Amino acid sequence: MSSQIEHELAPQYEPGSIEPEIYARWLAAGAFDAHAGRSSRIGGDRPPFTIVIPPPNVTAVLHMGHGLDETVQDVIIRWRRMAGDEALWVPGTDHAGIATQNVIEKQLAVEGKTRFDVGRAAFISRTEEFVRLTGGSILEQLHAIGASCDWSRTAYTLSPELSSAVREAFVRLYEKGLIYRGHRVIHWCSRCLTSLSDEEAEHEETTGTLYHVRYPLLNADGTVDAAEGVTVATTRPETMLGDVAVAVHPEDDRYRHLVGRNVLLPIANLPIPVIADAYTDPAFGTGVVKITPAHDPNDFEVGMRHGLPMPVIMTGPGEMRDEPDATPRRVPTDLTGIDRFEARERIVASLGAQGLLARRETHLHAVRHCYRCDTVVEPRLSDQWFVRTAPLAAPALDGVRRGDIRILPERHHAVYINWMENIRDWNISRQLWWGHRIPVWYCDRCGGEPLVSREDVSACPTCAGPVRQDEDVLDTWFSSWLWPMSTLGWPDTDSEDIRAFYPTDVLVSGPDILFFWIARMIMAGYEFMGRRPFHTVYLHGIARDPSGRKMSKSLGNGIDPLDVVRLFGADALRYTVIAGMGMGVDVRLDPDDLEKSFTPGRNFATKLWNIGRFLLGSVGREPVAPLATIDSSRLTRADAWILDRLKVAFAECDAALGAARPPGGEESAWPADERFAGLRLNEYTETARRFVWNELADWYVESTKSRLTPDAEDREVARSVLVHVFDAALRLLHPVVPFITESLWQRLPVSGHSPDAVLATQRWPVRHGDHAVRAREFAVVQEAVMAIRQLRADYALPPGRAVEV
RNA sequence: GGGCGAAUAGCUCAGCUGGUUAGAGCGCCUGCCUUACACGCAGGAUGUCGGGGGUUCGAAUCCCUCUUCGCCCACCA
């Protein structure tokens, strides 16, 4: 008897020795390989189901954010794979323009150099080398958490293929008039030395100072009118060197008489006019605004309306300086070359000394910062490339509004709509070196229109003279917005993959890149493919520490998923985050107490392992008879009950997961009742847990023990039911805890498995006969048992002692 | 300034379209090393579902309002 319960399974789940082996087995079995030919879109017999990974930065190191994001995707893709879809999960990385360039620049800084010291070509090859050596290691790390990506399709935004997609997109938009060169005020990072898009310049509440500065009135002869003047309020006094006017509201009686006269711009000592413009709010401050067209987007508009000059008085790195050909000169010698913040102090001091500083007050306002280096962004007039977004936004807006694309959880739907309705043109040029060079060439000899080309241009087609390529590179997001198409072969719309797998299905991400990436992918999908890129956007929560702070490298409160895998296994990590995360809700984990944080997953993994250990030991190695061959009259009440519970569990799991795609077919929108339903992964997981633990283990296994002894009468029936139910349970749980389920499933005593069969590609459980009636009989037994247990506990009877009932 | 979300057991959270004694995990209490599992088993305690008002036969669930947190967006100098 004891030999029967002997087994080779360790008493505790040992992930370290099991998981790598299982992962290798999946790879060897080709379990994650998607085959275009099997897609029903091109004649196959399986509905395709595709997820593209949000490509991590190529230099990234795995953190909990990835752990969470990738686990969600893996659960979904494994579910669909088992449901019989041709499931494809496309992996890849993003070259991450600014982020990666910053990494290399930091390396150079250690050597006391800047990128300008080494030069563009050397800088790029150095970066490429760095990426070659370290890039993609994050994808390797994903193996450890069980990610079932099709690695043969690994993509990279800077690969030759995706680079040509980027050029194609640029040229097409240019030819349609949707990309243009714009001269306007953009956000400028004086540390990264590049322009930024609106999204990349993040607002940050800051307590600053509002300075009230007096600009004396000038008489017609240029002398100062001692009696009068105007006072302007500014938070950035240093920009006054670029002032070309002061504006008052046209209907403001206080200042009406001053319009047309000049005031004296202090420090620069220049006369500037008083103009009337409705932009001015008479109620704010003094009702007088200084106009600095080159360093403020609103002032730029005013400047355009009034035909004012637009002097730039600050350099790229943020030092005060006139442009070389500037007339008149505005930056005094003693301020030239001085950093903008230092200049601010000096100007304020000087104004104070001259009695021109009327007042200073603390002022709470939102200052934009560079999203990559947190430097205060400077509005700056420059020439940049822009995407005209309004025409792209229209279909993207309509698509989401009508349910062509649903956004989960529901509350993000409105956020998307609001953003898309107020979208502004997208600055796509960056003054960086790492990225896709803008495919535009200029001929300085004949100076004609810029040449925008898919192919490199080596000579001017008009005058055969030399050409030079635009120095700038494209915003990193200009390549990632094509990701669902470019990874499948676009612009070749005849490619097998794009026909088989586009549109993709679910896009999983954190809400932080809804605008950066998701909204733009939607625009690109409709623009370039004429169809949605996916039908579902699933936005999950983010990882926070116990005090609610977002986990981040800089705060040092992050968790390395690989530590968790090492300690408790990938399944414990996966179970914990999936079970503990309501849709769109942040998950709290304690980096200082991993054991506590991952207890739910660890406990569940161990429990499942032990159920398997007991079950495999008791049923033995002899293959069981398939349940279908057992006459239903031989089933006990307990058998009927567990089969009924299994059926209910399937139904509840299916309901929680919902429809995998819009039910109306390829081009259909989501019907209202399914619009915001489905993908409730935590409910699915909880249902599966309850079934396996509270029903299968606590009741069925316990009540079946006596039937499993070697000489028990209906041992064969019990073995069949047990193996059948456990097999189904392993399938049900596999998407969440793939390693343990695979490991146990491999050992099930069933005949007919091919030697290389893996659970990962088995079918999601199918429904069975109706056992509800007899199941109710067992429920009566349960009631009785629970009543007895309660009595035992109440009277403190030891479990060993028999009780007469 | 605009928009959104959250407030449910000691902690972290589920409670979908209002309807039997409000749930889970962790923690806590009692008893169990019952040879699958003490990372476990059995039993148990703990909630005027943020405050106030309303709709309804009936509300944690719908409406209004207040309070406290949090998030997103934003060209008021």
Side-chain angles (χ1 to χ4, degrees), chain A residues 1-2 5 7 9 11-13 185 198-199 202-203 210-211 232-236 239 246-247 279-281 283-292 296-301 363 365-366 368 379 409-415 417-419 422 424 511-512 514-515 542 544 546 548 550 568 572 576 579-590 595-618 655-656 658 673 676-678 680 682-683 686 689-690 694 697-698 701-702 705 785-786 788-794 796-800:
Chain A
M1 154 117 190
S2 65
I5 302 183
H7 39 67
L9 298 183
Q12 282 208 352
Y13 176 59
V185 174
D198 293 342
E199 290 68 35
E202 296 178 330
H203 287 282
L210 188 61
Y211 301 92
V232 301
T234 178
T235 53
R236 297 184 295 145
T239 63
V246 296
Y279 154 69
T280 307
D281 176 1
F284 186 91
T286 58
V288 186
V289 189
K290 62 194 270 302
I291 301 299
T292 323
D296 185 285
N298 295 309
D299 295 3
F300 175 77
E301 297 299 325
H363 182 68
H365 61 149
R368 286 185 184 257
E410 184 173 1
R411 69 191 132 91
H412 291 295
H413 170 89
V415 176
I417 296 292
N418 181 56
W419 185 81
N422 297 295
R424 283 177 295 170
D512 50 331
L514 179 58
F515 308 140
I542 59 171
R544 296 185 179 277
K550 186 175 175 176
F568 314 117
T576 301
M581 193 170 65
M583 185 180 289
V585 178
D586 297 340
V587 56
R588 286 186 189 223
L589 300 165
D590 188 351
E595 177 156 359
K596 186 183 170 199
S597 298
F598 293 94
T599 291
R602 186 200 57 172
N603 290 1
F604 181 70
T606 305
K607 183 68 183 183
L608 182 58
W609 181 255
N610 274 298
I611 294 168
R613 198 159 73 96
F614 170 75
L615 188 145
L616 293 170
S618 341
D673 61 330
F676 299 109
R680 300 192 302 269
N682 57 328
E683 286 182 38
E686 167 55 19
R689 184 208 67 84
R690 187 205 66 214
N694 302 128
D698 289 350
V701 168
E702 288 303 327
K705 278 180 173 172
V785 171
M786 285 192 281
I788 293 166
R789 281 177 182 166
Q790 199 170 335
L791 287 171
R792 274 185 179 279
D794 291 350
L797 295 176

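We name chains A, B, ... by the order of the sequence lines, and we start the count at 1 in each one. Keep in mind that what you see is a predicted model, and the values were worked out from it rather than measured.
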For [N], does OP1 or OP2 lie under 4.0 Å from any side-chain N or O of [X]?
X: A:Arg424; N: B:rA74; answer: yes
X: A:Asn603; N: B:rC26; answer: yes
X: A:His203; N: B:rC75; answer: yes
X: A:Arg411; N: B:rA6; answer: no
X: A:Lys705; N: B:rU34; answer: no
X: A:His363; N: B:rA77; answer: yes
X: A:Arg588; N: B:rC13; answer: yes

For the pair [X] (side chain) and [Y] (backbone), establish whether a donor and an acceptor sit closer than 3.5 Å, ignoring hydrogens and angles.
X: A:Arg544; Y: A:Arg588; result: no
X: A:Thr280; Y: A:Val289; result: no
X: A:Asn682; Y: A:Gly580; result: no

- On RNA chain B, nearest-nucleotide positions of A:Asp586 versus A:Arg680: which is more 5'? A:Asp586
- First encountered from the 5' end of RNA chain B, between A:Gly582 and A:Ala697: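 First, find each residue's nearest nucleotide; the 5'-ward one identifies A:Gly582.
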- Message: Between A:Glu595 and A:Phe568, does the side-chain contact (heavy atoms from CB on, under 4.5 Å) criterion hold? Intermediate values first, please.
- Response: CA-CA 8 Å; A:Glu595 177 156 359; A:Phe568 314 117; 4.0 Å; yes
Given the [atom1] atoms of [N] and [M], what is the spacing between them in whole Å?
N: B:rA77; M: B:rU67; atom1: C1'; value: 34 Å
N: B:rG50; M: B:rA60; atom1: C1'; value: 12 Å
N: B:rC28; M: B:rU12; atom1: C1'; value: 16 Å
N: B:rG51; M: B:rU46; atom1: C1'; value: 22 Å
N: B:rC16; M: B:rG2; atom1: P; value: 31 Å
N: B:rG18; M: B:rC26; atom1: P; value: 32 Å
N: B:rC63; M: B:rC11; atom1: C1'; value: 32 Å
N: B:rC66; M: B:rG25; atom1: P; value: 39 Å

Closest to the [X] side chain: [options]?
X: A:Glu683; options: B:rA36, B:rA14, B:rA77; result: B:rA14
X: A:Phe515; options: B:rC39, B:rC73, B:rA36; result: B:rC73
X: A:Pro600; options: B:rA24, B:rG25, B:rA77; result: B:rG25
X: A:Val585; options: B:rA77, B:rA24, B:rC13; result: B:rC13
X: A:Arg602; options: B:rA77, B:rA36, B:rC39; result: B:rC39

Could you state the [atom1]-[atom2] distance from [X] to [N], rounded to the nearest angstrom?
X: A:Glu410; N: B:rA6; atom1: CD; atom2: C1'; value: 16 Å
X: A:His413; N: B:rC4; atom1: NE2; atom2: P; value: 13 Å
X: A:Asn418; N: B:rC4; atom1: CG; atom2: P; value: 10 Å

- Query: Where does the angle between the aromatic ring planes of A:Phe515 and A:Trp419 fall among parallel (under 30°), tilted (30 to 60°) and perpendicular (over 60°)?
  - Reply: parallel
- Message: Between A:Asp590 and A:Lys596, does any NZ, NE, NH1 or NH2 come within less than 4.0 Å of an OD or OE carboxylate oxygen?
- Response: no
- Got a minute to check which stems RNA chain B is part of, using Watson-Crick or G-U wobble pairs under 3.5 Å, three or more consecutive? B:1-7 with B:67-73, B:10-13 with B:23-26, B:28-32 with B:40-44, B:50-54 with B:62-66
- Item | Euclidean distance, A:Glu301 CD relative to A:Asp296 CG, rounded to 0.5 Å | 10.0 Å
- Item | Heavy-atom pair of closest approach, residues A:Ser597 and A:Thr576 |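 Looks like O-CG2, 3.4 Å.
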- Item | Donor-acceptor pair (no angle test) under 3.5 Å: A:Glu702 side chain, B:rA36 base | yes
